[in-house]
Peer 1: 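Supplied in structure tokens, the structure appears directly below.
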Amino acid sequence: MQTNPLITIVLAAGKGTRMASARPKVLHPLAGRPMLLHLLDTLTGISPTATVVVAGPDMVELTEAVADHPLSPKVAVQEERLGTGDAVKAGLAATEISADDNGTVLILFGDTPLLTEETIRSLMQARAATDAPGVVVLGFRTPAPGAYGRLIVNADGHLQSIVEAKDASPAELALELCNSGLMAVDAGLLPALLAELTNDNANGEYYLTDIVALARSQGRTCAVVEGVETELMGINTRVDLAAADAVIQQKLRRDAMAAGTSMHDPASVYLSWDTEIGRDVTLEPNVVFGPGVTIANNVLVRAFSHIEGSSIGEGAIVGPFARLRPGADIGTAASIGNFVEIKNAVISAGAKANHLSYIGDAAVGPSANIGAGTITCNYDGFVKSKTDIGAGAFIGSNTALVAPVKVGEGAITGAGSVITRDVQAGSLAVERTEQRSLLGWATKFRNARRKQNS
Ligand code: UD1
Ligand code: MG
């Protein structure tokens, strides 16, 4: 069956002035992923025929950020930021749409990334159900409509026009029904509507929103589908960004709890978009996840731990106050305690590093014990070198392991040693000066001091 094409155009060329940032607004992250990629992920679910992202002329990072996305979007450049209407023109020029096409163009804003697939589908259904559908707009109600465009609806319930806040009358500003920016437009009609746009408004921009009144003047029906603010909020400022992040965090926490994770204080746990957590995992308060973390079943992550780019094996205990950096691979039932930092290191099953350590560029064998204060000296200012600790080895407290170095299976290092040479399996390596004991010295010393002070 031949289906009509569905072209999605994502506007992302805006300067994002209100973010006060050198980074394009749509690349600011939510739960560790650029907001634009969240939106593209959602679009993947509706399988568009083609997707175009409209970028500014100076947005190399944006092209790079979308390059590997499964949707393979085309990037169209809007040479001058003349407004959302002009941006759609730039996007349309990158497609093969002509006036005799039957398809639909779905226009989305890169700064409105919380949208769900379900909501997009409801918009598409409304478009399919309308006679002579011109433009179907996704709207939402909010008690604080602020700078959003207002949707003007007729007595018959049809959408008549969209008025930008800066151009609105006091009566229009009082309306609570706002424009989310998401629109489905008849592909054959859109080029003609865009050609008619003018920039005769408060901002001197070509407003996309004006296509509604233009479509109506051509006898086309326009409609509103209502969604919810938590999905449709636009991100223009850092305050908006934080509010959107809170929405995503709440969803991620709920999903994790539904899948078998306990959280003592969910609001204090910060997850990443890709955090994968098994069943019967407990996250204590104030745990922060960066991207790329996988946690197996029955893991306990204790309070105030920071974890990124790591995997944690079944039954392991991490924290409190642990830091797992990229490449930390914590084995089954291993234990990583307070003020321990692990980077690019395999900690095998049952191994323990429970107190005050740095383990970087290392392999720690099964059931090895890393004493308090142990440091792998992995970096000499130029190169990083590896430390290899065998199964069952016991690293005494405050050992400095100067890499590259190997400690054999079952070996022991004496507390306070600086280990610069390989230690044979089953051996003791101790490196420190012999202890001297001066009998009675302390008593004599105190007595002398007391005399001086009296
Ligand atoms: C826009 C809408 C407003 C709506 C709100 C929803 C217009 C004129 N206004 O306002 O009705 O309530 O979004 O969040 O459409 N962009 C370009 N090129 C440009 C200008 C903008 O690509 O020349 C992109 C931006 O990167 C952004 C999107 O279009 O992703 C919206 O632009 P923005 O400046 O954020 O518009 P708002 O003021 O939020
Ligand atoms: Mg916006």
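In listed order, ligands and their atoms are each counted from 1.
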Peer 1: With heavy atoms under 4.0 Å as the rule, classify the contact between Met35 and ligand 1 as side chain, backbone, both or neither.
Peer 2: neither
Peer 1: Quick one: does NZ or CZ of Lys89 land under 6.0 Å from the six-membered ring centre of Tyr206, within 45 degrees of the ring axis?
Peer 2: yes
Peer 1: Which of the atoms of ligand 1 are close to Gly234, meaning less than 4.0 Å from one of its heavy atoms?
Peer 2: 14 (O)
Peer 1: State whether the side chain of Lys384 and the backbone N or O of Asp361 hold a donor-acceptor pair below 3.5 Å, judged by distance alone.
Peer 2: no
Peer 1: For atom 10 (O) of ligand 1, grab the closest protein heavy atom and report residue, atom and distance to one decimal in Å.
Peer 2: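 Residue, atom and distance for the closest contact: Glu164 OE1, 4.2 Å.
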Peer 1: Would Leu11 count as a polar contact of ligand 1, with the cut-off being nitrogen or oxygen pairs under 3.5 Å?
Peer 2: yes
Peer 1: Go through ligand 1 atom by atom and flag the ones less than 4.0 Å from a non-hydrogen atom of Thr209.
Peer 2: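 Counting from 1, the qualifying ligand atoms are 7 (C), 8 (C), 11 (O), 15 (O).
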Peer 1: Below 4.0 Å, non-hydrogen atoms only: which portion of Ala13 touches ligand 1? Side chain, backbone, both or neither.
Peer 2: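 Within the 4.0 Å criterion, Ala13 contacts ligand 1 through backbone and side-chain atoms alike.
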Peer 1: Give the atom numbers and elements of ligand 1 that come within less than 4.0 Å of a heavy atom of Gln78.
Peer 2: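 Reading through ligand 1 atom by atom, the close ones are 17 (C), 18 (N), 19 (C), 22 (O), 23 (O).
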Peer 1: Which heavy-atom pair separates Leu40 from Leu71 by the least distance, and what is that distance?
Peer 2: O-CD1, 3.6 Å
Peer 1: What is the closest protein heavy atom to atom 38 (O) of ligand 1, and at what distance does it sit?
Peer 2: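 The answer is Arg18 NH2, 3.3 Å.
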Peer 1: Pairs of nitrogen or oxygen atoms closer than 3.5 Å, one from Leu208 and one from ligand 1: do any exist?
Peer 2: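 Min N/O separation from ligand 1 is not below 3.5 Å for Leu208.
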Peer 1: What protein heavy atom sits nearest atom 12 (O) of ligand 1, and how far away is it?
Peer 2: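 Checking every protein heavy atom, the shortest distance to atom 12 (O) of ligand 1 gives Asn179 O, 2.6 Å.
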Peer 1: Give the contacting part of Glu205 toward ligand 1: side chain, backbone, both or neither, where contact means a heavy-atom distance below 4.0 Å.
Peer 2: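 None of Glu205 does.
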Peer 1: How close does the nearest protein non-hydrogen atom get to atom 1 (C) of ligand 1, and which residue and atom is it?
Peer 2: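 Ranked first by proximity to atom 1 (C) of ligand 1 is Phe109 CE1, 3.5 Å.
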Peer 1: Using 0.5 Å steps for rounding, measure from the CG atom of Leu138 to the CG atom of Leu232.
Peer 2: 4.5 Å
Peer 1: In Asp111, which N, O or S atom comes closest to the Mg ion (ligand 2)?
Peer 2: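 Of all N, O or S atoms belonging to Asp111, OD2 is the one nearest the Mg ion (ligand 2).
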Peer 1: Between Ala147 and ligand 1, find which residue part has any heavy-atom pair under 4.0 Å and reply side chain, backbone, both or neither.
Peer 2: neither
Peer 1: Could you state the interatomic distance from CG (Asp200) to CG (Asp210), rounded to the nearest 0.5 Å?
Peer 2: 9.5 Å
Peer 1: Would one find an N or O of Gly83, backbone or side chain, under 3.5 Å from an N or O of ligand 1?
Peer 2: yes
Peer 1: Less than 3.5 Å between some nitrogen or oxygen of Lys25 and one of ligand 1, yes or no?
Peer 2: yes
Peer 1: Taking non-hydrogen atoms only, is Met233 closer than 4.0 angstrom to ligand 1 via side chain, backbone, both or neither?
Peer 2: neither
Peer 1: Are any of the N or O atoms of Thr84 closer than 3.5 Å to those of ligand 1?
Peer 2: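 Between Thr84 and ligand 1, an N or O pair is found under 3.5 Å apart.
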Peer 1: Lys386 and Asn378: side-chain donor and acceptor closer than 3.5 Å?
Peer 2: no
Peer 1: For ligand 1, is any non-hydrogen atom under 4.0 Å from Asp86's backbone (N, CA, C, O), its side chain (CB onward), both, or neither?
Peer 2: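 None of Asp86 does.
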Peer 1: Judging by distance only, is a nitrogen or oxygen of Gly14 under 3.5 angstrom from one on ligand 1?
Peer 2: yes
Peer 1: Taking a cutoff of less than 4.0 Å between a non-hydrogen atom of the residue and any ligand atom, is Cys178 in contact with ligand 1?
Peer 2: no
Peer 1: Which class fits the ring pair His38 and Trp273: parallel under 30°, tilted 30 to 60°, perpendicular over 60°?
Peer 2: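 Ring orientation of His38 relative to Trp273: perpendicular.
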